[in-house]
**Q** 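Handing you a structure now.
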Amino acid sequence: MLDIPSKYDPSRVEEKWYQYWMKHNLFRSVPDDREPYCIVIPPPNVTGVLHMGHMLNNTIQDVLIRRARMKGKNACWVPGTDHASIATEAKVVQKLASEGFNKSEIGREKFLEHAWEWTHKHGGIILEQLKKLGASCDWERTCFTMDTPRYESVIKVFVDLYNRGYIYRGVRMVNWDPKAKTALSDEEVIYTEVNSKLYHVKYFIENSNDYIVVATTRPETILGDTAVCVHPDDERYQHLKGKRVVVPMVNRLVPVIFDEYVDPTFGTGALKITPAHDLADYELGIKHNLPVIDILNDDGTLNENAVFFVGEDRFVARDLSHKKLEELGLLVKVEDYTNKVGLSERTHVPIEPRLSMQWFLRMKELAQPALDNVLNGNIKLYPSKFVNTYRHWMENVKDWCISRQLWWGHRIPAYYLPDGSYVVAENEQQALELARQKTGNQQLTLADIRQDEDVLDTWFSSWLWPISVFDGIRQPGNPEMKYYYPTNDLVTAPDILFFWVARMIIAGYAFAGDKPFSNVYLTGLIRDKQRRKMSKSLGNSPEPLDLIAKYSADGVRVGLLLCSPAGNDILFDESLTEQGRNFGNKIWNAFRLVNSWSIDDNLEQPAYAKLAVEWFDELLNKTMAEVDEHFDNFRISDALMTLYKLFWDEFSSWYLEIIKPSYQQPIDRQTYEKTLSFFDILLKLLHPFMPFITEELWQLMTPRKEGESIMTQLQPRPRAANTQVIADFEIIKEAITQVRAIRKEKNIGTKDPVRIYVKSVNNTYNPALGVVLAKMTQAEKIELTQTKVPNAFAFMVRAAEFFVETQQKVDVEEERKKILEELAYTRGFLESVMKKLNNDRFVANAPTQVVELERKKRQDAEAKIAALEARLHELQ
RNA sequence: GGGCGAUUAGCUCAGUUGGUUCAGAGCACCUGCCUUACAAGCAGGGGGUCGUAGGUUCGACUCCUACAUCGCCCACCA
């Protein structure tokens with residue numbers, strides 16, 4: 001017998017076993033003849049730190065991986081990090097700024113050196129943090145989206161898509177982030193309602209004292225106006241056909257144009273047109289052949305084209321315009337107004353629609369198989385409600401702006417020739433060859449070609465992730481690809497469904513000829529109890545490692561999983577992790593109990609223990625099947641809760657209490673070994689959720705060989721359970737509860753003697769189980785009876801009637817009252833059953849087993865009523 | 001503005017092709033217990049006319065319609 005403290009101390013245990021698993025290479029996966037099970041991690045930002053979202057996400061992945069491993073599959077969890085170009089670049093810029101440098105001063109090469117240094121310094125911190133959580137990744141496979149194989153894969157794909165005609169370059173209105181000074185994709189823009197002003201401004205008509213009033217939220221862009229537009233049918237403005245108006249402040253003459261785009265009911269029905277700074281205006285400008293006056297620099301300040309406020313920030317210019325218009329007497333009024341403004345996802349500044357030369361990827365055709373294979377169920381989304389969202393997006397997919405005006409990332413492999421044309425190639429040498437072919441000039445040297453300054457959108461590397469981690473782009477059909485691809489499950493948050501999930505599916509079909517994964521499990525977002533998003537500024541996000549230190553990794557894992565049905569937001573509360581920790585302690589103490597018993601080989605197995613073993617064996621099988629079913633449907637919370645109740649309620653509160661020998665008495669070998677084997681199975685079932693404590697106890701249970709681990713043991717497979725055994729036992733449990741309630745209610749101590757008599761109708765009560773009833777109720781005797789039992793407290797479980805005879809006098813009136821209540825209830829029940837059975841349409845239309853069930857209910861109810869009536873009679 | 005989803009106990013959620021008096025679970029709550037595995041515990045208990053109003057059906061938490069409230073996604077209304 002081991003000496004074990006009554007409180008579980010996880011701190012040393014967790015560190016110890018993680019080291020052990022690593023030392024014995026137990027997370028390693030290489031192709032073999034087993035069935036593979038593979039998850040590729042959503043790569044966290046290389047310089048990021050672990051937050052609660054990662055914790056949830058990776059706990060779920062680890063549960064799936066560990067379970068698959070214990071189901072005999074070759075489980076492979078591929079870890080890695082993402083270079084996160086804009087986020088990382090922003091951090092490096094910030095760091096340099098704090099040292100007094102700025103990006104453009106030090107130049108591209110030097111900047112990248114700093115960025116790599118930063119990456120090497122901070123990269124991998126987050127992976128170390130994942131280890132604290134217990135993540136069983138195959139760390140030898142760790143990838144980075146900018147390491148050589150991944151870099152070459154990205155470039156190869158770009159060149160390939162270009163050669164196939166999917167990539168083009170063009171001037172477009174893009175979402176411009178003036179802080180990061182880069183274009184953003186539509187998905188990186190978050191529209192937010194803001195309180196702003198609507199300025200009503202006079203535009204005088206040329207050579208006239210008449211004017212037209214235009215409403216705008218951005219008066220500073222007046223400086224770039226090239227027209228005023230009204231609806232062609234608008235009665236108010238018919239006289240303006242062919243007229244010109246004077247742009248305020250700059251006094252430029254611009255035409256009045258007519259277009260149905262304008263909503264005559266909004267504002268004054270007149271719209272100012274600034275083609276350079278609004279997408280709709282830009283399109284109208286093209287349609288009506290308007291000039292484009294770009295008044296903004298790339299950092300959001302005004303340039304010379306603006307004439308006024310040159311060098312001022314756009315928001316300063318807005319105020320200055322306001323004042324100027326007022327001075328000029330051109331401002332009619334200013335209204336409060338709520339509108340939606342697009343903010344950069346990364347820098348949170350308002351984006352600026354901006355004309356610029358960018359690279360685009362044609363999406364429509366590429367997206368088709370990705371749409372089809374989700375709609376036909378070849379790829380499943382959990383929860384399935386996301387299929388609709390996915391379809392909506394994919395059916396309306398727009399071309400993807402893939403260039404970013406950043407330095408940290410994959411530099412676009414386009415090379416410009418002296419004549420301004422360009423070639424696309426995987427490297428400089430190839431580019432030079434192509435350039436020579438194209439120009440026919442063999443004298444061209446590397447100095448004559450210049451690579452595009454921009455880098456690719458981060459997601460342009462992430463979308464290849466499930467393929468590139470197996471090097472399937474550079475070496476299609478390599479053995480690893482053949483074995484692991486398509487992978488099985490992807491676990492991620494729904495906010496990157498389009499950024500990432502959809503694009504991975506597209507890439508899968510485009511570059512690997514198959515889906516990247518079969519199932520997508522979308523977790524919820526973690527919020528606090530008040531449903532607020534977790535954020536640093538609110539200070540409502542707990543530090544994950546602190547939580548682990550306080551509640552153990554197992555506790556945190558359980559806490560997160562207990563409250564996270566798929567797709568629902570998680571309202572995180574520290575008390576959940578407390579519940580997880582308590583569960584660990586419960587398991588610990590159950591082990592302590594079993595460990596404390598001494599075994600007597602001469603002892604025969606008591607009848608109650610034999611019955612309990614038989615019952616729990618069946619229950620275990622039934623529950624294992626339920627857990628499997630939950631997993632098949634990605635109901636991880638339910639799977640855990642099922643095991644939680646199995647361990648806590650059924651195993652600890654019932655099974656152990658039944659077989660438990662009296663204080664300091666030995667236990668028989670048969671029961672002891674059966675109990676240990678149950679414990680062994682329970683630990684294996686719980687291991688995916690609580691890897692550390694289960695390993696610790698499994699190792700304590702019996703001496704193990706060096707290198708042996710619970711994580712590589714097979715979970716037993718469920719067999720069909722004998723449900724009769726379980727049902728019989730449920731009746732005994734219910735009876736025990738009732739007797740305890742009587743003891744409590746009547747203040748009958750556990751030492752006070754009671755005798756129990758049972759009248760069983762329709763074999764409801766299995767008399768063999770009387771020994772269990774006796775042990776758990778401390779009853780002197782249990783006896784079957786057919787006659788009346790005077791002076792006893794009575795209750796019924798189904799059609800079995802139990803009489804508890806004690807030394808206390810029974811209050812006849814009280815008993816009568818109870819019986820009358822139960823009679824009324826049962827009669828009501830019978831009535832509802834009879835209503836159905838007497839209904840010909842019910843008997844004719846309902847399925848036969850439903851009708852049969854009703855007949856059985858009627859039988860039981862009638863038996864019960866008869867018993868109650870008899871009892872009532874006896875009391876008189 | 002368009003689309004999707006939700007509304008069940010104080011809280012977070014289950015409720016599986018309409019059929020056990022089926023209204024459930026966990027937590028929280030109430031009562032009694034430091035009973036020699038565990039007070040991070042044990043035993044017992046209370047709690048909801050399933051958002052509202054109609055409809056279909058022998059039968060509705062479950063299907064249909066409208067309304068209310070909330071959430072998410074998409075969209076160039078200045």
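Order of the sequence lines fixes the chain letters, A, B, ..., with proteins taken first and strands second; residue numbering starts at 1 for each chain.
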**Q** Does A:Tyr337 reach a base, just sugar-phosphate, or nothing at all? Heavy atoms under 4.0 Å.
**A** sugar-phosphate
**Q** Rounded to whole Å, please give me the gap between CD in A:Glu745 and P in B:rA43.
**A** 18 Å
**Q** Among B:rA37, B:rG44, B:rG5, which is the nearest nucleotide to the side chain of A:Asn388?
**A** B:rG5
**Q** Can you check whether A:His322 and A:Tyr199 have ring centres sitting under 6.0 Å from each other?
**A** yes
**Q** Using the C1' atom on both, measure B:rC30 against B:rC22 and round to a whole Å.
**A** 26 Å
**Q** Using the P atom as the point on both nucleotides, what is the distance between B:rC67 and B:rG2, in whole Å?
**A** 12 Å
**Q** Measuring only the C1' atom in each nucleotide, how far is B:rC29 from B:rG47? A whole number of Å is fine.
**A** 9 Å
**Q** For the NZ atom of A:Lys836 and the CD atom of A:Glu854, what is their distance to the nearest 0.5 Å?
**A** 4.0 Å
**Q** So, applying salt bridge (Lys or Arg N to Asp or Glu O under 4.0 Å) with A:Glu650, which one of A:Lys622, A:Lys733, A:Lys645 is it?
**A** A:Lys733
**Q** Look at all strands and tell whether A:Ser653 reaches a base, only sugar-phosphate, or nothing, counting heavy atoms closer than 4.0 Å.
**A** sugar-phosphate
**Q** Rounded off to whole Å, could you give me the NZ-to-C1' distance for the A:Lys586 and B:rC38 pair?
**A** 6 Å
**Q** In whole Å, what separates the P atom of B:rA9 from that of B:rC50?
**A** 10 Å
**Q** Roughly how many Å is it from CG in A:Asp263 to P in B:rC77, rounded to a whole number?
**A** 12 Å
**Q** Can you find a side chain N or O atom of A:Lys746 that sits less than 4.0 Å from OP1 or OP2 on B:rG44?
**A** no
**Q** At less than 4.0 Å, is any side-chain N or O atom of A:Arg858 found next to OP1 or OP2 of B:rU21? Yes or no.
**A** no
**Q** If I take atom CG in residue A:Asn396 and atom C1' in nucleotide B:rA75, what distance separates them, rounded to the nearest angstrom?
**A** 10 Å
**Q** Write down the distance separating the P atoms in B:rA66 and B:rG59, rounded off to the nearest Å.
**A** 24 Å
**Q** So if I take every side-chain heavy atom of A:Glu657 and compare against B:rC42, B:rC72, B:rA37, which nucleotide ends up nearest?
**A** B:rA37
**Q** Measure the spacing between CZ of A:Arg218 and OG1 of A:Thr274 and express it to the nearest 0.5 Å.
**A** 8.0 Å
**Q** If I take atom CG from residue A:Leu522 and atom CZ from residue A:Phe386, how far apart are they, to the nearest 0.5 angstrom?
**A** 5.5 Å
**Q** Taking B:rG46 as the reference, what is the distance to B:rG32 when you measure between their C1' atoms (whole Å, please)?
**A** 15 Å
**Q** I'd like the C1' distance from B:rG24 over to B:rU31, given in whole Å.
**A** 24 Å
**Q** Looking at the side chain of A:Lys744, which of B:rG32, B:rA37, B:rU21 is the nearest nucleotide?
**A** B:rG32
**Q** Figure out the CH2/C1' separation between A:Trp588 and B:rA37, and round it to whole Å.
**A** 12 Å
**Q** Whether A:Lys660 contacts B:rA37 is assessed here as follows: a side-chain N or O lying under 4.0 Å from the phosphate OP1 or OP2. Is that the case?
**A** yes
**Q** Please tell me which of A:Glu578 and A:Val262 maps to the more 5' nucleotide of RNA chain B, matching each residue to the nucleotide holding its nearest heavy atom.
**A** A:Glu578
**Q** Kindly point out which of B:rG44, B:rC38, B:rG41 is positioned nearest to the side chain of A:Arg740?
**A** B:rG44
**Q** Of the nucleotides B:rC73, B:rG44, B:rA43, which one has an atom closest to the side chain of A:Phe498?
**A** B:rC73
**Q** How close or far is atom C1' of B:rA37 from atom CZ of A:Phe647, stated in whole angstroms?
**A** 11 Å
**Q** Step through it carefully: locate the ring centre of A:Phe679, locate the ring centre of A:Phe651, and say whether they are under 6.0 Å apart.
**A** yes
**Q** Any luck finding a side-chain donor-acceptor pair between A:Asn388 and A:Arg391 under 3.5 Å?
**A** yes
**Q** Are any of A:Trp648's side-chain N or O atoms less than 4.0 Å away from OP1 or OP2 of B:rC42?
**A** yes
**Q** Which of the following nucleotides, B:rA37, B:rG44, B:rC58, is nearest to the side chain of A:Ala741?
**A** B:rG44
**Q** When both hydrogen-bonding distances must be under 3.5 Å and the geometry is Watson-Crick or G-U wobble, what is B:rC76 paired with, if anything?
**A** none
**Q** State, yes or no, whether a side-chain contact exists between A:Leu331 and A:His200 at a heavy-atom distance under 4.5 Å.
**A** no
**Q** Does A:Tyr644 put a side-chain nitrogen or oxygen below 4.0 Å from OP1 or OP2 of B:rC27?
**A** yes
**Q** Is there a Watson-Crick or G-U wobble partner for B:rC67 with both distances under 3.5 Å, and if so, which one is it?
**A** B:rG51
**Q** Can you check whether A:Thr389 has a side-chain N or O nearer than 4.0 Å to OP1 or OP2 of B:rG3?
**A** no
**Q** Would you kindly check whether a donor in the side chain of A:Lys856 faces an acceptor in the base of B:rU20, or vice versa, at under 3.5 angstrom?
**A** no
**Q** Starting from the 5' end of RNA chain B, give me the residue, A:Asn839 or A:Arg218, whose nearest nucleotide shows up first.
**A** A:Asn839
**Q** Which part of the nucleic acid, if any, lies within reach of A:Gln579 when heavy atoms closer than 4.0 Å are counted: base, sugar-phosphate only, or nothing?
**A** sugar-phosphate
**Q** Given B:rG45, B:rA78, B:rC74, identify the nucleotide with an atom nearest to the side chain of A:Tyr261.
**A** B:rA78
**Q** If you take all heavy atoms of A:Ala215 and A:Thr268, which pair is closest and at what distance?
**A** N-OG1, 4.2 Å
**Q** Can you figure out which of B:rU21, B:rC72, B:rC27 approaches the side chain of A:Arg527 most closely?
**A** B:rC72
**Q** Determine the contact category for A:Ser575: base if any of its heavy atoms lies under 4.0 Å from a base atom, sugar-phosphate if only primed atoms, P, OP1 or OP2 are that close, otherwise nothing.
**A** nothing
**Q** For B:rU21, does the O4'-C1'-N9-C4 (purine) or O4'-C1'-N1-C2 (pyrimidine) torsion place it in syn, i.e. within 90° of 0, or in anti?
**A** syn
**Q** Between atom CD in A:Glu626 and atom P in B:rU16, what is the gap in whole Å?
**A** 16 Å
**Q** Once you apply a heavy-atom cut-off of 4.0 Å, does A:Ser832 come out as touching a base, just sugar-phosphate, or nothing?
**A** base
**Q** Mind calculating the distance between CH2 (A:Trp597) and C1' (B:rA37) to the nearest angstrom?
**A** 9 Å
**Q** Using a cut-off of 4.0 Å on non-hydrogen atoms, how would the nucleic acid contact of A:Tyr825 be classed: base, sugar-phosphate, or nothing?
**A** base
**Q** Side chain of A:Asn582: nearest nucleotide among B:rC58, B:rA40, B:rC74?
**A** B:rA40
**Q** Please tell me if A:Lys751 has a side-chain N or O lying less than 4.0 Å from either OP1 or OP2 of B:rU35.
**A** no
**Q** Given salt bridge (charged side-chain N to carboxylate O under 4.0 Å, His left out), test A:Glu862 with A:Arg858 step by step and report yes or no.
**A** CA-CA 6 Å; A:Glu862 282 172 344; A:Arg858 171 189 174 177; 3.2 Å; yes
**Q** Let's test this: given Watson-Crick or G-U wobble pairing with both distances under 3.5 Å, identify the partner of B:rU36.
**A** none
**Q** Determine the Euclidean distance between corresponding C1' atoms of B:rA60 and B:rU21; express it in Å to zero decimal places.
**A** 16 Å
**Q** If the cut-off is 4.0 Å, is A:Arg581 near the phosphate of B:rA40, judged by side-chain N/O to OP1 or OP2?
**A** no
**Q** Would one find a side-chain N or O of A:Arg592 under 4.0 angstrom from OP1 or OP2 of B:rA37?
**A** no
**Q** Given B:rU12, B:rU21, B:rG26, which nucleotide is nearest the side-chain atoms of A:Leu571?
**A** B:rU12
**Q** Looking for any heavy atom pair under 4.0 Å, which part of the strands does A:Arg743 touch: base, sugar-phosphate only, or nothing?
**A** nothing
